[in-house]
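Fair warning: this is a prediction, and the values are worked out from it, not measured in the lab. Hydrogens, waters and symmetry mates are skipped; everything else that's a heavy atom, side chains included, is used. We name chains A, B, ... by the order of the sequence lines, and we start the count at 1 in each one.
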Amino acid sequence: MKMRRLAYPYVLWMAVFTVAPLMLVAFYALTAYDADGRLFFTLQGLRNVFATDNTVAFNLFGLADLFGFNLQVPIYINVFAKSLEIALISTVVCLLVGYPAAYILAQHSRKRRGQSNFWLFLFIMPMWMNALLRTYAWLALLEPMGIVNTVLGYLGIGPFQFIYNDFGIGLGMVYNYLPFMVLPIHSVLVKISPSLIEAAEDLGADSTRTFLRVTFPLSLPGILSGINMVFMPAMTTFLIPDLLGGGRYLLIGNAIERQFMVSRDMTTGSALSILLMIFVLASMRILTKYEQESSEGGLLA
Amino acid sequence: MKNYFGKNKRKSVDVPSATSPNRLGNQTGPSHIIEVIGVNKYFGEAHVLKDITFYIRNNEFITLLGPSGCGKSTTLRILAGFEQPDSGDVFFEGKTILNTPPHQRKLNTVFQRYALFPHLNVYDNVAFGLSIQRKLSRAEIRTRVEQALRQVNLEGYGKRWVDQLSGGQMQRVAIARALVLKPQILLLDEPLGALDLKMRKEMQIELKNMQRSLGITFVYVTHDQEEALTMSDTIIVMKEGVIQQIGRPTDIYNEPENAFVADFIGESNILPGRMTRDFEVEIAGHSFVCVDPRPGSDDVDVVIRPEDVRLEAPTENSISGVVSSVVFKGVHYEMLIETDQHEWLVQSTEKANEGSHVGLAFDPDEIHIMKKSEHSPDRQPTVPDGDAKFPEQSPEDDW
């Protein structure tokens, strides 16, 4: 009973700062003000999202180009698809870069058990700086007349268009979200008992097979939560596409921001938010389901 | 096996010693499946294995016994290939295996904490080694896994997850996982350490039976002297990285090489003695006939096991003292007898009254003479107590 009473402040906190805002967003999504300033129920916001009067060619991952079909979709659906594309690619790149990094860091921490890991610290440290600042720094580095292009110019190469395109946004996302991939994978890897690795070797597995059959499957929970932690912000961010996309780039985060800040259309903005939230929650749900299945063997125990 | 037991006093032949460098050259033969020669190992500054030399016969149950930190596990890890010695060599059937990585060695390990794969069920854990080989069909693997599970009495447990098993069951899975590969040698690193006393006793007998029926060489690591005495054909007693004695359980118990072995293996009365000639030793001012010759120096250590001491009415010629405590231990009484120089531990089925004056008697062949060593009890002889001296032992490790 005592424990339950201790939970009350948190329940209150969540009610005020999570549940109430969510309900407000849902409320805004389904209402609008008429000319007289009266509130009325409407599905116009949702309708706007799926409006077919303004369509563009759907080209997720360049599939349309590849297979030569022409599918016209509502503009917001295309923005959704574009966001999904960039978020997925960034997540995959984070995983490809982050896993080996986490692996090497884990080997390192294991060798010096009990001591703080300097390299892991270096990995985390950028997270202590303001995200805006970090992203501006990339602008300075990568802009057409920026440091990288200047150096490349001395070498007789370039200039390259690094920013204001998919590459720039993807780079920004990978850079910003990589620690969120590395940390959970690292913390799972260091917990794998060395005797499991030795057991695999003892049973005849060389280092490659030990990795594929033991280390990798055991690190899946870390991979899944890493994917969670990267995909979610990558899907919803507006800061990175705003800066590194040069403001010309429309991802779902920017679309929502503009509905509120530029068009002042709270109804459509809220409808977009709700749909995005449902989409992200659904994808997380699928991932956690996998996570639960793979951890049934006592992985997290 | 017959030959083996027929051979008397193996210890006097086999104890590695710097004075007989040719021993190994003479004894190399097909019956020695493993030979460890002059192995040294350092962990940083710590010299954890000091010139370890021994051999393992085919099909024997050999136990590395010693208190924690004596280097027994490190020795096992060197055999498995998880550690490399800093000097010395390890031969498997006459060929060095130091350059063979663990996954290519023909021996398998049962790990201290089982090290079962938590992401696999019991069946897949046992099948792991076979499926790695990629030589067998699914059906063959199934047959062998089921056979291995039957061997350890876990038939029908294949679909269980390892975290749904009890300690004893996990232990069996770990054994099945190693045995399914039909290794020539099974290495066991304190495999029963995490089990309760009853389960441990059962598993001791099961392991011994398994070893006999499979005809596999078992190399067993433990700090539990009773376990070692129960199961082993040969025991290697280690302390601080040095082999103290190699021998059959009866040799180790009845004829300990030095005070450490006498103290570690069972309870004993270790007393300073003087020998001026063969077959006669002076203990606590009294002269006794014994069966051992003079070891070369006058000062010796004498071991008399508590169950070998008889209590009699005191006479002028016997060591005598006062019974200071009597504890009933089930099968016997354990009594402490206070004499002038020493507190004797005596185990007997006959009870003496506390405070009574008794004499101590023992037969000549119960007196074991040892050379003085660094392990000798100094001026104040002590009554050995396994608990106090080896704190890693849990109370149930005691007899």
Side-chain angles (χ1 to χ4, degrees), chain A residues 99 102-103 106-108 110-115 184-185 187-227 287-301, chain B residues 73 76-77 79-83 100-136 148 159-165 170 173-174 176-183 185-190:
Chain A
Y99 196 95
Y103 188 85
Q107 301 287 90
H108 189 75
R110 207 175 257 172
K111 264 183 224 148
R112 311 150 40 85
R113 229 176 314 172
Q115 296 179 39
I185 296 177
S187 67
V188 169
L189 283 175
V190 288
K191 274 188 223 137
I192 296 177
S193 159
S195 68
L196 291 179
I197 308 302
E198 287 180 352
E201 288 176 9
D202 189 74
L203 294 166
D206 55 24
S207 51
T208 314
R209 268 184 239 162
T210 300
F211 177 78
L212 292 177
R213 300 278 304 266
V214 178
T215 313
F216 185 76
L218 285 176
S219 62
L220 270 179
I223 294 175
L224 289 175
S225 59
I227 289 174
L287 267 184
T288 30
K289 194 164 168 274
Y290 274 118
E291 193 171 351
Q292 277 160 3
E293 271 166 23
S294 67
S295 67
E296 232 156 60
L299 263 185
L300 304 174
Chain B
S73 283
L76 198 78
R77 290 173 60 77
L79 293 182
F82 301 134
E83 301 283 354
T100 313
H103 69 272
Q104 286 170 3
R105 296 195 184 186
K106 290 177 190 163
L107 27 82
N108 290 115
T109 308
V110 175
F111 289 84
Q112 197 164 10
R113 301 265 166 216
Y114 320 136
L116 298 179
F117 302 121
H119 60 300
L120 302 176
N121 63 21
V122 169
Y123 179 91
D124 288 330
N125 260 285
V126 178
F128 187 90
L130 293 173
S131 65
I132 286 289
Q133 292 176 351
R134 289 196 195 159
K135 278 186 230 148
L136 300 168
K159 290 231 166 66
R160 299 259 190 120
W161 291 102
V162 293
D163 62 354
Q164 297 170 332
L165 302 177
M170 286 199 250
V173 175
R177 185 176 68 173
L179 284 183
V180 77
L181 296 172
K182 301 191 170 149
I185 302 181
L186 191 64
L187 309 176
L188 303 105
D189 189 1
E190 306 226 13

(message) If we define contacts as heavy-atom pairs under 4.5 Å, which of B:R160, B:R177, B:Q133, B:R105 has the most with chain A?
(response) B:R177
(request) Write down the atom of B:A115, the atom of A:S195, and the distance for their closest heavy-atom approach. (result) CB-OG, 3.5 Å
(request) Tell me yes or no: between the side chains of B:R113 and A:S193, is some donor less than 3.5 Å from an acceptor? (result) no
(message) Nearest 0.5 Å, please: how far is CZ in B:F128 from CG in A:D202?
(response) 10.5 Å
(request) Report yes if the side chains of A:D206 and B:P101 come closer than 4.5 Å at any heavy-atom pair, otherwise no. (result) no
(request) Carefully, step by step, assess B:H103 and A:R209 under the rule side-chain contact (heavy atoms from CB on, under 4.5 Å). (result) CA-CA 11 Å; B:H103 69 272; A:R209 268 184 239 162; over 6 Å; no
(message) For B:L187, which atoms come within 4.5 Å of any heavy atom of chain A: side chain, backbone, both, or neither?
(response) neither
(message) If I compare all heavy atoms of B:F117 with all of A:L196, which pair ends up nearest, and what's the gap?
(response) CE2-O, 3.4 Å
(request) Can you tell which part of B:L107 gets under 4.5 Å to a heavy atom of chain A, answering side chain, backbone, both or neither? (result) backbone
(request) Measure the CD-CD distance between A:E201 and B:Q104 for me, rounded to the nearest 0.5 Å. (result) 11.0 Å
(request) Determine yes or no for a side-chain-to-main-chain donor-acceptor pair under 3.5 angstrom, with B:H119 supplying the side chain and A:R213 the backbone. (result) yes
(request) Measure the shortest side-chain to side-chain distance between A:I197 and B:F82 over non-hydrogen atoms and say whether it is less than 4.5 angstrom. (result) no
(request) Would you please test B:I132 and A:L203 for side-chain contact (heavy atoms from CB on, under 4.5 Å) and show each step? (result) CA-CA 8 Å; B:I132 286 289; A:L203 294 166; 5.9 Å; no
